[in-house]
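Everything on this sheet refers to the single structure shown next.
Counting starts at 1 for both ligands and their atoms, in listed order.
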Amino acid sequence: MAKLSKVVFLWKVLLSIPLATALPQLQAQLKHRTIKPEEAKGSYDYVIIGGGQSGLVVANRLSEDPKVSVLVVEYGNFDDSYDVLDIQQVFRDTTHTKYNLTSVPQTQLAEVNQIQGVPAAAVVGGGSAINGMFFNRGAADDYDNWEKLGNPGWGFKDLLPYFIKSTTLQIPDAEFAKEFNVTWDEKVYGKDGPIQASIYPVQYPALKTLWSGFEELGAKRQKSGDDGNAHGLFWATRSIDDRTRTRSYARTGYYAPAASRKNLDLLTGWRVNTITFDKKKQATGITMQPRSSITDPKAKITTIKAKKEVILAAGALHTPQILQRSGVGPSALLKKANIPLVVDLPGVGSNMQDHPQVTMIYEYTTAPPPPSNPPAPLPLMANSVALLPFSLVSPDKYTSITHSYLSAPADAYLPPSYTPAQKAGYAKQQKLLASSLLRNDNAALEIPFSGGAGYYLLMLTKPLSRGTILLDPANPYGEPLVDFNTFANPADLAIAIEAFKFGRKLHNTTSVKQFGPVEVSPGAQAGSSTEEEDKELEWAARVSAVSSTAHLSGTAALMPRELGGVVDRELRVYGVGGVRVVDASVIPLLPGTHPCSTVYAVAERAADLIRGRK
Ligand SMILES: Cc1cc2nc3c(=O)[nH]c(=O)nc-3n(C[C@H](O)[C@H](O)[C@H](O)COP(=O)(O)OP(=O)(O)OC[C@H]3O[C@@H](n4cnc5c(N)ncnc54)[C@H](O)[C@@H]3O)c2cc1C
Ligand SMILES: *[C@@H]1O[C@H](CO)[C@@H](O)[C@H](O)[C@H]1NC(C)=O
Ligand SMILES: *[C@@H]1O[C@H](CO)[C@@H](O)[C@H](O)[C@H]1NC(C)=O
Ligand SMILES: *[C@@H]1O[C@H](CO)[C@@H](O)[C@H](O)[C@H]1NC(C)=O
């Protein structure tokens, strides 16, 4: 009980910041400057498509140079409601700041589960304004695989300066750190970067027991997961400003400080339709129209010129669609849609990855009570993360699953639209992923845990299936057709089954057994043999899987063109001039983590590349 009262004490310290008044004040300080459409100039040096997370980073960095003019066009609007800032509102309804679309049927999932949501932000700040504020990074190995794929200069050591540049670490309270054995690695964060990274200073007492449970199964404690060692157990930062307990995101960190610059214009509530090209395939600008007019076939279309470059930051969902609409994409698709071809680039809209997820629910009958006054922090606001190498998830099967993954022809489970070059690209990914799955310096499964509830999201960190985002030939200006292809590669399903089994083992450790865990979902094993258990869990995976953890990426991949890539090492789109992609689309292989911190680092690097600082 002594420990519990310490938790309560900490909470009281926190409450000494008067949150109820702080939030509206903070909100009022948020700079708010949109231009009226008639104020838009006819031309800018740079036109940025999308004022989401990456778009605002690049807008800030480019407009640091007062001689350069920048326009950002964002489909969404400002969301000034202070629920955006209030971290307790992380699970609020965000329908009004998201796109409204679903996937095509996912045929490997159970019939009731085939239509999947496609979460994507439509608001100034993009994903960073509505995301869950997980802020961890992948293992060094994850980024080193980007480099090995044929992208020199894109390994972890190259990205680390940008992870540092984009962040400020708020050092956890010493007493709290001691109580919960919180560790971190100060040197891998900045001291005055735009995005605040912190560790939530109130934790459940049950948490310590869970750490021990994972350790019983061989998971190693790491000092930090953000220094390249995101494999094992560690404390993960959240993108939260702990001084005010508010969301730290692209609008507060990158837009607000730049909002009053005269050389930066932001137009909200407008949709970019296409990028325009001259005869030499050099980008000349964009066409756009007000969001309010997109269903009006006679709507007036406005053209804006870009003197230097057009920068795509429309997110992994719309960046490929805008390229395809502009004539840059798979020629067969563009032909079907009657779009004049500028360059045949089959990779645009392929290589799509997200983290599929399955869920386990346990009830704990004898766990210590959570901090009750004030109420416990949100159970899913976990700061502790287990990122488990495949050998730990499944000591018995990881080699056989990996070897059968590797021995299947690379193109066996790929989307039908894949060309030989794209297949060759996937073959290279397959070798790298298999090699990583057999090693221990990276993870196959992520389990965030708070000790707050027996609710576990099991996230497959190395998706092996590949999906597509292709414009609808019948309606290129409607939402694109999204196919995650979840579990198309049977190795993904096999890993999901092993993930469930790991969850069961965790609840059978001496440590966690103290809590009297009862498996609510998938529900205690009925079959008696291993084969029967596998069958039951396979069904549980098909019926309950979520295709997207909102980590959509890869659809304009940084890879050599001869491997189906879309952008080169400097993020320039192949085959045309004056167009770069700076958002989550360029991620060639999704790192085993939540992508927000990686998107900031990539966008910071992109800004340096655009400014000619390498
Ligand atoms: C609900 C949700 C929860 C998430 N949780 C986490 C988490 O906890 N931790 C984590 O690390 N990551 C999380 N993510 C993922 C992370 O936030 C994203 O990977 C990241 O924000 C993507 O940044 P981006 O710049 O690529 O795209 P976005 O931030 O999505 O920006 C794209 C912007 O472009 C605009 N746009 C699109 N098309 C057009 C057009 N034609 N014209 C003009 N504008 C256009 C969109 O409106 C949008 O604002 C989450 C994402 C979501 C959606
Ligand atoms: C989302 O789209 C569906 C079908 O296309 C429609 O029925 C629904 O009303 C839309 N929801 C919102 C909030 O616009
Ligand atoms: C605290 O963490 C360190 C390493 O991060 C570990 O060596 C130590 O055993 C832990 N202490 C307790 C009490 O769990
Ligand atoms: C739990 O672990 C014990 C050994 O510690 C083992 O005998 C038993 O089969 C395990 N139960 C389950 C459901 O895995």
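- A salt bridge between K501 and D534 is present, with a side-chain N of the basic residue lying under 4.0 Å from a carboxylate O of the acidic one.
- A 4.5 Å side-chain heavy-atom check between P119 and S548 finds at least one atom pair inside the cut-off.
- Shown in contact with C596 at under 4.0 Å from a heavy atom are these atoms of ligand 1, numbered in order with element: 10 (C), 11 (O), 12 (N).
- Between V123 and ligand 1, at least one N/O pair is under 3.5 Å apart.
- Ligand 1 is never approached by F135 to a heavy-atom distance shorter than 4.0 Å.
- Protein heavy atom in closest approach to atom 11 (N) of ligand 4: N508 ND2, 2.9 Å.
- At the top of the distance list for atom 37 (C) of ligand 1, counting protein heavy atoms only, stands Y99 OH, 3.0 Å.
- Taking any N or O of G51, backbone or side chain, none lies under 3.5 Å from an N or O belonging to ligand 1.
- Listed by number with element, the atoms of ligand 1 under 4.0 angstrom from any heavy atom of A121 are 46 (C), 47 (O), 48 (C), 49 (O).
- Side-chain contact between Y44 and K305 is absent, with no heavy-atom pair separated by less than 4.5 Å.
- By the criterion of a heavy-atom distance under 4.0 Å, neither the backbone nor the side chain of L101 is placed next to ligand 2.
- If you number the atoms of ligand 1 from 1 as listed, the ones under 4.0 Å from a heavy atom of A313 come out as 31 (O), 32 (C), 33 (C), 34 (O).
- Taking the side chain as every heavy atom from C-beta outward, T274 and I322 never approach each other to under 4.5 Å.
- In this structure, the protein non-hydrogen atom closest to atom 2 (C) of ligand 1 is A550 CB, 3.5 Å.
- Both tests pass for R245 against the ring of Y200: distance under 6.0 Å to the centre and angle within 45° of the axis.
- Listed by number with element, the atoms of ligand 1 under 4.0 Å from a non-hydrogen atom of A584 are 26 (O).
- Taking 4.0 Å as the cut-off between side-chain N and carboxylate O, R251 and D80 count as a salt-bridged pair.
- The side-chain heavy atoms of T34 and E74, taken from C-beta on, include no pair separated by under 4.5 Å.
- In terms of polar-atom proximity, R325 is not counted as a contact of ligand 1, lacking any N or O under 3.5 Å from an N or O of the ligand.
- The aromatic rings of H594 and H551 lie perpendicular to each other, with more than 60° between the two planes, well past the 30° mark.
- Here the side chains of Y99 and V118 are not in contact, with every heavy-atom distance at 4.5 Å or above.
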Let me see the working for Y477 and N273 under side chain to side chain donor-acceptor pair (under 3.5 Å), right down to the final yes or no. CA-CA 8 Å; Y477 287 85; N273 290 345; 5.0 Å; no
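- Inclusion of G55 in the set of residues having an N or O under 3.5 Å from an N or O of ligand 1 is not warranted.
- Remark: distances from the non-hydrogen atoms of P595 to ligand 1 include one below 4.0 Å.
- Annotation: side chain of I286 is in contact with side chain of V73 (closest heavy-atom distance under 4.5 Å).
- For ligand 1 and V73, the ligand atoms under 4.0 Å from any heavy atom of the residue are 43 (C), 44 (N).
- Listed by number with element, the atoms of ligand 2 under 4.0 angstrom from any heavy atom of T95 are 13 (C).
- Interface atoms of ligand 1 facing G126, defined by a heavy-atom separation under 4.0 Å, are 29 (O), 49 (O).
- For atom 27 (O) of ligand 1, the candidate residues are G315, G125, A250; the nearest heavy-atom contact is made by G315.
- Of all protein heavy atoms, the one lying nearest to atom 10 (C) of ligand 2 is N100 ND2, 2.4 Å.
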Let me see the working for Y143 and T598 under side chain to side chain contact (heavy atoms under 4.5 Å, CB included), right down to the final yes or no. CA-CA 10 Å; Y143 304 98; T598 302; 2.7 Å; yes
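- At the top of the distance list for atom 47 (O) of ligand 1, counting protein heavy atoms only, stands E74 OE2, 2.6 Å.
- Atom 9 (N) of ligand 1 has its closest protein heavy atom at F134 O, 2.9 Å.
- Looking at ligand 1, you won't find any N or O of S597 less than 3.5 Å from one of its N or O atoms.
- With Y46 as the aromatic partner, R61 does not meet the cation-pi criteria of under 6.0 angstrom to the ring centre and within 45 degrees of the ring axis.
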Which is it for H318 and E479 under the side chain to side chain donor-acceptor pair (under 3.5 Å) test, yes or no, and what are the steps along the way? CA-CA 9 Å; H318 291 110; E479 288 302 340; 2.7 Å; yes
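- In terms of protein heavy atoms, atom 25 (O) of ligand 1 is closest to S54 OG, 2.7 Å.
- A salt bridge is absent between E309 and R572: the closest approach of a Lys/Arg side-chain nitrogen to an acidic carboxylate oxygen does not fall below 4.0 angstrom.
- Annotation: atom 18 (C) of ligand 1 to nearest protein heavy atom, Q53 OE1, 4.3 Å.
- Within the 4.0 Å cut-off (strictly below), a protein heavy atom is located near atom 3 (C) of ligand 2.
- With I275 as the fixed residue, the side chain to side chain contact (heavy atoms under 4.5 Å, CB included) test singles out one of T287, V47, V310, T284: V310.
- The residues R92 and D86 are annotated as not salt-bridged, no charged nitrogen and carboxylate oxygen being separated by less than 4.0 angstrom.
- Taking every non-hydrogen atom of G127 and a distance limit under 4.0 Å, the qualifying atoms of ligand 1 come out as 17 (O), 21 (O), 28 (P), 29 (O), 30 (O).
- Counting heavy atoms under 4.0 Å from ligand 1, residue M133 touches it through the backbone alone.
- Considering only heavy atoms from C-beta on, V576 comes within 4.5 Å of V328 through its side chain.
- Distance remark: protein heavy atom not present below 4.0 angstrom from atom 7 (O) of ligand 2.
- Annotation: cation-pi geometry not satisfied between R238 and F135 (NZ/CZ under 6.0 angstrom from ring centroid, within 45° of ring axis).
- Remark: minimum distance from atom 17 (O) of ligand 1 to any protein heavy atom is reached at N131 ND2, 3.1 Å.
- Protein heavy atom in closest approach to atom 31 (O) of ligand 1: G52 CA, 3.3 Å.
- Which parts of ligand 1 touch H318 is read off a 4.0 Å heavy-atom cut-off, strictly below it: atoms 37 (C), 38 (N).
- Protein non-hydrogen atoms do reach within 4.0 Å of atom 14 (O) of ligand 2.
- Of all the heavy atoms of V272, the ones lying under 4.0 Å from any atom of ligand 1 are found in both the backbone and the side chain.
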